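Treat the numbers as computed from the prediction; the structure is a model and nothing was measured. Sequence positions, counted from 1, serve as the residue numbers for this chain.
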Amino acid sequence: KISEAIRALGIPSQISYSAGAYVCNEVLYALLAHFKDSNTKVGFIHIPYCTEQNKSPAMSLNDIIKGLTIAVENC
């Protein structure tokens, strides 16, 4: 639902069933454990570099903010 809403704005988004390695996994699973018996929703979103950072993959800061806003509104 979140990824579809982001793509509907014309912003690239895809689902990944891997939180990544090292710190990403630790953050996700620590949050899942911490909020296990609560109504708090937990997730992990990887975002690209900002285009101003001259690294790849990159996206404009404006699109990153729009995408994250849509993600929060749709969880």
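Residues Ile45 and Ile6 are members of one and the same hydrophobic cluster, defined by side-chain heavy-atom contacts under 4.5 angstrom among Ile, Leu, Val, Met, Phe, Trp and Tyr.
The line from CD1 of Ile47 to OG of Ser13 is 12.5 Å long, rounded to the nearest 0.5 Å. To the nearest 0.5 Å, atoms CD1 (Ile15) and OG (Ser3) are separated by 5.0 Å.
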Using distance only, find each side-chain donor-acceptor pair of residues 30-43 under 3.5 Å and give its atom names and separation, not counting sequence neighbours.
unit_1 : atom_1 : unit_2 : atom_2 : d
Ser38  : OG     : Phe35  : O      : 2.9
Ser38  : OG     : Thr40  : N      : 3.1
Ser38  : OG     : Thr40  : OG1    : 3.4
Lys41  : NZ     : Cys75  : O      : 2.9

When the side chains of residues 63-71 are checked against the rest of the protein, which donor-acceptor pairs come out under 3.5 Å, sequence neighbours left out?
unit_1 : atom_1 : unit_2 : atom_2 : d
Thr69  : OG1    : Ile65  : O      : 2.8

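Side-chain N or O atoms of Arg7 include none that pairs as donor or acceptor with a backbone N or O of Pro12 at under 3.5 Å. Side chain of Glu4 to backbone of Lys1: no donor-acceptor contact under 3.5 angstrom is found.
For the residue pair Pro57 and Pro48, the shortest heavy atom distance occurs at O-CB, 3.5 Å.
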Q: Give the intermediate values and the outcome of side-chain contact (heavy atoms from CB on, under 4.5 Å) for residues Met59 and Ile11.
A: CA-CA 9 Å; Met59 183 181 288; Ile11 299 171; 3.9 Å; yes
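Atom CD of Gln53 is surrounded by more than 12 heavy atoms from other residues, nucleotides or ligands within 6.0 Å.
Residues Cys24 and Phe44 have side chains in contact (heavy-atom distance under 4.5 Å, counting atoms from C-beta outward).
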